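Reviewing the structure listed below.
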Amino acid sequence: MYETNFHKASTAQDAAALLAKSDDGKILAGGQTLIPTMKQRLAAPADLVDLSRAEALRGVTITKRKKMGIMKADGGETITIGAMTTHAEVAGDTELAKVCPVISGLAANIGDPAVRHRGTIGGSVANNDPAADYPAALMALRATIHTNSREIKAEDYFQGMFATALADNEIITAVSFQAPAVGGYGKFPNPASRYAMVGVFIAKSVDGDVCVAVTGAGDNGVYRHAGLEAALSADWSTTAIEAIEVSADGLMSDLHGTAAYRANLIKVMAKRALV
Amino acid sequence: MKIAMTVNGKSVSREVSDNTLLVEYIRDHLRLTGTHVGCDTSQCGACVVHVDGQATKSCTMLAASAEGLAVTTVEGLAKSKDDLHPMQVAFKENHGLQCGFCTPGMIMTATDMVTRYHTQGKELTEDAIRVHLEGNICRCTGYHNIVKSIADGASKMTTV
Ligand code: FES
Ligand code: FES
């Protein structure tokens, strides 16, 4: 690892001020991607700003939605997850598991237990690895990414492989979304890395809108699948998924699998996400 | 920079460079060489220690990030040479190791999963053990005896 200057920030504001002073500063969230990348000398930030003690950026808040005087049980709650909330905290939040179990299950399957103890949702979203799980979830849930200066809609935020709408020195503080009426995630993990070779997140909002996002497959990162959305809007069934053609155009081919293989996996994972 | 933390119950402090990994702090600066380094890609788990009670890959965390926290390494488990931790006894009795290189990480991952399951009042099944060993690689045993050891150790770990 190249040399770096370590700084600690306890709030997003402090972190932004520290980044502004550096020519080449980077936020250190859980470090489960950044530290390995620095060890391989693929990243060499002059300054690192550690946010791991920023308590205000941590935790899950759920705001229940009242409908006609009674608590609505099937979706609609507003869920806000602080950027520094670890995967283990998301997976272990019992209230969240009740209102949005699909997110709990997704978090419980990222990496391994040690990685989940440190890795954070904010770090994952800022990195936007083309095979990461959270980008698919946030895209399909039409989440909002909150930063120290603004709010960004997920579809404007994710801009291709490792590319996001974040400006220099802009820091993610939280993500928020509405619990879906129905949500599912089908993931085919790479047997070695556990990253998704294909992950399909399907969400039906309380208003009945269907949104499908695919990770791990596209050669330009996470994307929404119009064909699956149309098919499932018309008919919420595995038969509807079976009936559509998933094209291999624009999908990744690498040593793990060809584009055609991934195209087929999209259908298979979509079906798993539905059941 | 000077980094202070608690390691195995003792306060320690060392002058290290900013880019020092926690595992380097533990092995090179504190000379606690029970924690191993088996890869440089965060995949093998030989380096697992507990940071504030949570299993953590010490090769994937900076020492500076652990400032002020409580770290437990494999050396911190046994009360003495003759009074091993139940999980260590279980690995010994169930042939849970061959060369032993992965063992410190296996044991720290094992005690972490058992503690979590005990606290949540959940049963640690064989399947669950295998799932939680996701981040620990062993080149020798074929895992079966490691899984057996953890199940045995779990039944003997009364304190959480
Ligand atoms: S040395 Fe830490 S995971 Fe291999
Ligand atoms: S016993 Fe040799 S690596 Fe596990």
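This structure is a prediction, so every number in the text was calculated from the model and none was measured. Chain letters run A, B, ... following the sequence lines, proteins first, then strands; residues in each count from 1.
Only the side chain of Gln43(B) comes within contact range of chain A, judged by heavy atoms closer than 4.5 Å. Proximity to chain B is absent for every atom of Leu34(A), based on heavy atoms less than 4.5 angstrom apart. With a 4.5 angstrom heavy-atom cutoff, Asn5(A) touches chain B via backbone and side-chain atoms both. If you measure heavy-atom distances from Asn136(B) to chain A, you find no contacts under 4.5 Å at all. The parts of Glu67(B) that come within reach of chain A are both its backbone and its side chain, each placing non-hydrogen atoms under 4.5 angstrom from that chain. Neither the backbone nor the side chain of Met113(B) comes within less than 4.5 Å of any heavy atom in chain A. Using a 4.5 Å cut-off between heavy atoms, Ala63(B) makes no contact with chain A at all.
Atom CZ of Arg116(A) is separated from atom CD of Gln54(B) by 11.5 Å, given to the nearest 0.5 angstrom.
In Arg139(B), the CZ atom is not crowded: 12 or fewer heavy atoms of neighbouring residues, nucleotides or ligands sit closer than 6.0 Å. More than 12 heavy-atom neighbours from other residues, nucleotides or ligands sit within 6.0 angstrom of CD on Glu15(B). Taking a 6.0 Å sphere around CG of Asp23(A), one finds it holds 12 or fewer heavy atoms contributed by other residues, nucleotides or ligands.
Of all non-hydrogen atoms in Arg118(A) and Ser65(B), the two that sit nearest each other are NH2-CB, 4.3 Å. When all heavy atoms of Gly31(A) and Thr60(B) are compared, the pair lying nearest together is O-CG2, 3.7 Å. Taking all atoms of both residues into account, the shortest heavy-atom contact from Pro113(A) to Arg116(B) is CB-NH2, 3.7 Å. Taking each heavy atom of Lys57(B) and Ala114(A) in turn, the nearest pair found is CG-CB, 3.7 Å.
In this structure a side-chain-to-backbone donor-acceptor pair under 3.5 Å is present from Asp18(B) to Phe6(A). With hydrogens and angles ignored, the 3.5 Å screen pairs no side-chain donor or acceptor of His117(A) with any backbone N or O of Thr56(B). Of the possible donor and acceptor atoms, none in the side chain of Asn19(B) sits under 3.5 Å from a partner among the backbone N and O of Thr4(A). A distance-only check finds no donor-acceptor pair linking the side chain of Lys39(A) to the backbone of Ser42(B) [under 3.5 Å].
Contact of the Ile35(A) side chain with the Leu21(B) side chain is registered, since non-hydrogen atoms from C-beta on lie closer than 4.5 Å. Looking at Leu62(B) and Met1(A), their side chains come closer than 4.5 Å, going by heavy atoms from C-beta outward. Within the 4.5 Å cutoff, no side-chain heavy atoms of Asp112(A) are placed close to those of Thr109(B).
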### Message
Apply side-chain contact (heavy atoms from CB on, under 4.5 Å) to residues Glu134(B) and Asn109(A) and explain how you reach the verdict.
### Response
CA-CA 10 Å; Glu134(B) 180 71 60; Asn109(A) 280 307; over 6 Å; no

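Options Val51(B), Thr41(B), Asp112(B) differ in how many heavy-atom pairs under 4.5 Å they form with chain A, and the most are formed by Asp112(B).
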